[in-house]
There are 2 protein chains.
Amino acid sequence: MQYVHKLKTKCLDLEAGKLVALLHEHDAKQLGILPLDRIEIRNPLTGKAVVTVVDTTQTMVRAGEIGIFRDVSASLDGFKDHCDLDIVEVRVVPQPQSVGFIKKKMDGVKLADAEIKAIVADIAVNKLSEIEATAFVSAVYMRGFDLEETVSMTKALVGNGGRMQLKHGPVLDKHSVGGLNGRATMIIVPIVAAAGYYVPKTSSRSITSAAGTADAMEVLASVNLSKADIKRITEEVGAVITWGGAVDLAPADDKIIKIEHPLSLDPEGQVIASVLAKKASVGAEYVVIDLPIGPEVKIKSKERGEEMAKKFVVVGKAVGMKVEAVLTDGRAPSGPAFGPALEARHVLEILEGKAWNNLAEKSCEMAGTMLELVGKCKDGDGYKLAKEILVSGKALAKMKEIIRAQSGGTGITASKDVPAAKLVERICTDQDGEIATINVRSLINIARIAGAPADKLAGVWLHVSAESKVKKGGCLFEIHAENKEKLGLAVKIAKTSPLIELERSIIEKFE
Amino acid sequence: MQYVHKLKTKCLDLEAGKLVALLHEHDAKQLGILPLDRIEIRNPLTGKAVVTVVDTTQTMVRAGEIGIFRDVSASLDGFKDHCDLDIVEVRVVPQPQSVGFIKKKMDGVKLADAEIKAIVADIAVNKLSEIEATAFVSAVYMRGFDLEETVSMTKALVGNGGRMQLKHGPVLDKHSVGGLNGRATMIIVPIVAAAGYYVPKTSSRSITSAAGTADAMEVLASVNLSKADIKRITEEVGAVITWGGAVDLAPADDKIIKIEHPLSLDPEGQVIASVLAKKASVGAEYVVIDLPIGPEVKIKSKERGEEMAKKFVVVGKAVGMKVEAVLTDGRAPSGPAFGPALEARHVLEILEGKAWNNLAEKSCEMAGTMLELVGKCKDGDGYKLAKEILVSGKALAKMKEIIRAQSGGTGITASKDVPAAKLVERICTDQDGEIATINVRSLINIARIAGAPADKLAGVWLHVSAESKVKKGGCLFEIHAENKEKLGLAVKIAKTSPLIELERSIIEKFE
């Protein structure tokens with residue numbers, strides 16, 4: 001029982017990416033609503049209806065018209081091609097209940113399971129406006145989620161995307177919260193899969209680093225696998241290493257992460273829910289979480305890492321996963337490579353037995369922890385077992401299977417076949433000394449200016465490590481690039497910033 | 001010193017209402033940015049540049065293209081008509097500093113004067129994305145503003161729009177925080193102006209009520225006055241009563257209020273800053289704030305009202321205004337009218353001496369307080385002086401001057417000339433009794449369903465007040481409407497809701 005307003009549609013040939021309709025201010029007034037209120041638009045010919053948020057204008061549509069974007073016209077059926085001629089019925093509808101729950105969280109009240117579920121479901125299908133969703137994300141950041149809310153959030157994010165069922169188990173997975181470089185994942189996954197377990201690993205692309213695992217893996221194979229691909233290949237060869245963004249594992253989560261980005265928000269409860277939901281949605285049963293601790297990584301102190309580790313375990317258990325969280329040393333770079341191709345090449349070198357360093361060691365430790373967690377060996381024996389699998393060449397063989405499965409037989413499976421950049425410039429030191437500090441964030445920045453991760457071959461290759469001694473004229477690192485202009489910029493910045501600090505071997509001479 | 005990307009513009013024939021540009025995902029990757037990061041777009045022909053937020057797409061523009069909305073192309077000069085052919089230079093720019101200040105407030109840190117100023121300035125010119133601005137509004141709601149921050153916010157909002165300079169003073173003003181109906185303003189302003197003071201009053205339109213002062217005044221005169229009109233008319237006849245939304249008094253404030261609306265946020269500090277900034281920007285020196293207290297108005301308790309009153313006084317002083325805040329009874333409706341024309345007519349009846357009720361009394365009290373504040377009479381004598389001005393007909397004469405000045409001589413200046421709705425339906429009682437409760441919010445709702453405030457003549461006219469006695473068949477209120485369908489809906493709802501509750505005169509008989 002409500003007033004219904006009739007309007008002529010005017011199609012706006014754009015996707016708004018959200019459900020929004022444009023009304024002339026006059027019609028908004030007639031309906032008694034303000035911008036950001038909601039209406040239901042009904043196509044009287046088909047009976048189909050869609051609820052949208054309203055924005056008002058004095059110029060883009062005339063009084064009596066309603067401007068609808070492609071996203072909306074597609075929902076109304078029969079309006080796709082000739083919608084300028086059609087009449088729709090418009091009535092005011094209340095806000096979704098979830099807006100009230102968001103307000104509740106803003107007021108500092110703990111949310112119930114069903115309330116979090118409603119908010120997540122509405123975010124997933126664009127029922128909440130950007131303002132409403134941002135208010136939620138801000139509230140979670142400022143008020144925090146307690147353990148129960150984090151569990152609810154995790155369940156809601158999973159429920160929203162569905163849980164993958166693999167033919168037989170057990171399914172193992174790992175996640176690293178904010179490391180710097182190296183791509184341990186590309187060593188760990190083939191080791192664990194070679195031990196006979198499923199590892200359907202989805203990874204992210206770089207946000208602020210020189211390469212994400214998905215960027216590096218893409219040098220060797222396709223990372224645009226669908227859910228069906230992930231299931232099929234994992235059942236076939238035991239593992240995938242693919243880009244999570246290509247799969248709708250937890251649609252609401254991707255929208256929340258998009259909102260968090262400009263404000264660099266990462267509320268702990270949300271991070272835990274986000275990570276574990278993605279693991280749960282590929283059906284993971286045993287999960288190891290790597291929490292690097294260091295001044296340049298996300299988690300700065302051991303105390304904060306320990307707190308987070310405990311929460312990962314408890315929340316994991318509540319959603320049916322056995323989780324082990326380990327604190328690792330996040331102070332030094334993991335291996336010498338920064339950039340997709342350089343990191344991919346170095347991973348293959350380690351799998352081929354041509355290199356051994358802290359990255360290889362860490363990978364064996366993480367893989368060992370996973371093997372202990374699933375009960376493949378007793379506690380304390382995991383590292384040894386993982387290293388055996390690596391040294392034996394079984395991990396390399398498994399990696400080749402994974403690459404071939406993800407590429408349809410065309411991938412690069414040997415380190416020597418990874419393409420190298422044509423443009424390389426060496427940055428050298430003008431004094432003798434010992435390496436005191438390596439500013440990893442600055443090196444990553446140089447790699448990014450040189451073109452990484454979009455230019456796959458671009459990046460930085462480090463020739464020194466902490467405490468190594470150098471002589472005047474010795475090479476500290478190489479900058480690789482595909483584009484001359486980008487290389488020039490990177491070199492200029494590299495030569496003027498304190499990227500690597502030396503301590504003179506002899507500081508003072510007493511005579 | 002930065003990588004510059006060249007893109008071909010594709011004009012999107014829409015105003016986005018914000019500074020945003022669309023990049024294909026491929027180009028965003030090349031630039032190393034994510035959605036909601038910022039770029040500078042430069043027209044190499046004119047040298048003009050504009051900073052926008054980026055959104056990415058796979059469909060709306062092709063790789064190598066940049067989609068720009070009218071708002072953006074207008075800033076680039078020479079791109080208005082043929083922008084599909086032009087090449088622009090694009091480079092990544094950092095977030096405005098103000099985003100860091102917003103994050104700081106989210107983290108619970110008090111903001112400095114310059115930080116609040118930077119945020120407000122960036123909101124005013126659309127430099128902040130909707131997500132960033134929403135995070136700020138949410139932070140102010142959840143963390144609160146202390147007195148110093150409220151002062152900074154008030155100054156920033158004023159500074160942002162500029163302060164009006166009137167020929168000579170003193171300039172008086174008043175504001176009511178969330179009353180229900182009545183339009184006391186339209187009685188107070190002519191009384192105070194008749195006493196020889198400037199009252200450049202800007203008012204709002206209805207949000208949830210049956211009419212705002214601007215809606216009611218619009219029945220009699222134009223309320224779309226520019227800043228120049230406000231200055232000219234106030235200097236000419238002593239006062240205006242106009243719509244604040246037509247003037248850019250505090251542009252950032254309007255954007256903040258738009259964001260607050262869907263979540264019904266009204267953080268105290270923000271409300272105080274918003275109200276006082278608008279007063280300061282018309283040059284007000286003496287301001288009376290009316291704080292109605294009652295279960296159905298914004299401020300529910302006396303304690304909360306007192307707290308707010310004190311803050312209004314302190315903040316007002318800090319920005320150079322003498323403020324008096326008074327708590328008033330917000331329990332009963334102010335007079336019988338609900339709806340723009342009905343309220344305007346009743347105001348004229350009071351000015352004409354044809355009606356006297358709690359609305360007239362309250363108006364004289366408020367006007368009296370203003371006259372005491374400016375020193376026209378001694379404390380305690382204001383009400384008497386205001387009532388004299390009203391009864392003498394001087395206030396009516398002043399109101400006629402104001403109406404004529406705002407209408408160019410064509411306004412309605414007598415209550416009998418206010419048009420009446422053709423459709424009127426009486427709602428009667430089916431029993432004898434005494435009025436126990438009047439649900440004012442429900443009556444307002446009926447008035448809105450009947451078409452108010454968009455349909456100017458629609459509304460509700462109340463025939464009873466609390467404790468008045470009614471007989472079976474007696475009329476409780478009338479519903480006025482312009483549209484038959486809306487009237488039908490309003491009557492249906494009126495007949496089925498408990499709008500006015502009776503107490504039977506004889507509850508029980510003992511024999």
Side-chain angles (χ1 to χ4, degrees), chain A residues 1-4 12-15 17 22 26 28-32 34-38 53 55 57 59-60 67 95 99 102-103 106-108 129-135 137-139 141-143 205-207 258-259 261-265 448-449 451-455 483 485-486 489 492-493, chain B residues 1-4 12-15 17 22 26 28-32 34-38 53 55 57 59-60 67 95 99 102-103 106-108 129-135 137-139 141-143 205-207 258-259 261-265 448-449 451-455 483 485-486 489 492-493:
Chain A
M1 202 164 69
Q2 197 176 10
Y3 176 64
V4 173
L12 305 170
D13 191 24
L14 281 179
E15 276 166 44
L22 275 177
H26 172 82
K29 220 169 144 185
Q30 284 293 324
L31 283 159
L34 289 177
L36 304 174
D37 284 333
R38 282 179 171 78
V53 163
D55 217 338
T57 174
T59 54
M60 286 175 47
Q95 290 182 311
V99 176
I102 292 171
K103 186 80 185 290
M106 295 182 92
D107 288 333
S129 71
E130 207 159 64
I131 286 176
E132 291 152 352
T134 302
V137 171
S138 302
Y141 179 76
M142 284 185 265
R143 300 294 189 189
R205 291 193 184 278
S206 144
I207 295 178
K258 185 181 166 182
I259 291 171
H261 168 64
L263 296 150
S264 317
L265 302 181
R448 287 178 68 91
I449 291 167
D455 299 347
N483 173 305
E485 193 192 340
K486 292 182 186 178
L489 280 171
K492 250 188 202 166
I493 291 170
Chain B
M1 204 165 66
Q2 199 178 9
Y3 176 65
V4 173
L12 305 170
D13 192 25
L14 281 178
E15 276 166 45
L22 275 177
H26 172 81
K29 221 170 145 186
Q30 283 293 324
L31 283 159
L34 289 176
L36 305 174
D37 283 333
R38 282 178 171 79
V53 163
D55 217 338
T57 174
T59 54
M60 285 175 48
Q95 291 182 311
V99 175
I102 292 171
K103 186 80 186 290
M106 295 182 93
D107 288 333
S129 71
E130 206 159 66
I131 285 176
E132 291 152 352
T134 302
V137 170
S138 301
Y141 179 75
M142 284 184 264
R143 301 292 190 189
R205 292 193 184 279
S206 143
I207 294 179
K258 185 181 167 182
I259 290 171
H261 167 64
L263 296 149
S264 317
L265 303 181
R448 287 178 68 91
I449 290 166
D455 298 348
N483 172 307
E485 193 191 340
K486 292 182 186 178
L489 280 171
K492 251 188 201 166
I493 291 171

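Below, chain A is the first sequence line, B the second, and so on; all start at residue 1. As the structure is a prediction and not an experimental result, all values here were calculated from the model. The basis for the numbers below is simple: all heavy atoms, side chains too, and nothing from hydrogens, waters or symmetry mates.
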- Message: Between B/Leu265 and A/Lys103, is there a side-chain heavy-atom distance shorter than 4.5 Å?
- Response: yes
- Do the non-hydrogen side-chain atoms of A/His261 and B/Pro35 ever get within less than 4.5 Å of each other? no
- Given that the side chain runs from C-beta out, which part of B/Gln30 has a heavy atom under 4.5 Å from chain A: side chain, backbone, both or neither? both
- Segment of B/Ile449 engaging chain A (4.5 angstrom heavy-atom cut-off): neither
- Note on the structure: Residue set satisfying side chain to side chain contact (heavy atoms under 4.5 Å, CB included) with A/Val53, at least two apart, ordered chain then number -> A/Leu36, A/Arg38, A/Ser129
- Query: chain B heavy atoms under 4.5 Å from A/Ala139: which part of the residue, side chain, backbone, both or neither?
  - Reply: both
- Message: Between B/Thr59 and chain A, with a heavy-atom cut-off of 4.5 Å, which part of the residue counts as in contact: side chain, backbone, both or neither?
- Response: side chain
- Item | When A/Thr57, A/Val99, A/Leu34, A/Ile259 are compared by non-hydrogen pairs under 4.5 Å with chain B, the top option | A/Leu34
- Interatomic spacing from CG in A/Asp455 to NZ in B/Lys29 - rounded to 0.5 Å: 10.0 Å
- For the side chain of B/Gln95 and the backbone of A/Pro262, is there at least one donor-acceptor N/O pair under 3.5 Å apart? yes
- Query: Between B/Ile207, B/Leu22, B/Asp37, which shows the greatest number of heavy-atom pairs under 4.5 Å with chain A?
  - Reply: B/Asp37
- Query: Got B/Lys258 and A/Asp55 here, is their nearest side-chain heavy-atom distance under 4.5 Å?
  - Reply: yes
- Item | Partner residues of A/Arg143 under the side chain to side chain contact (heavy atoms under 4.5 Å, CB included) criterion, sequence neighbours left out | A/Lys105, B/Met142
- Write down the atom of B/Ser138, the atom of A/Ala135, and the distance for their closest heavy-atom approach. OG-CA, 3.7 Å
- Note on the structure: Per-residue tally against chain A (heavy atom, under 4.5 Å) across B/His26, B/Glu130, B/Met106 peaks at B/Met106
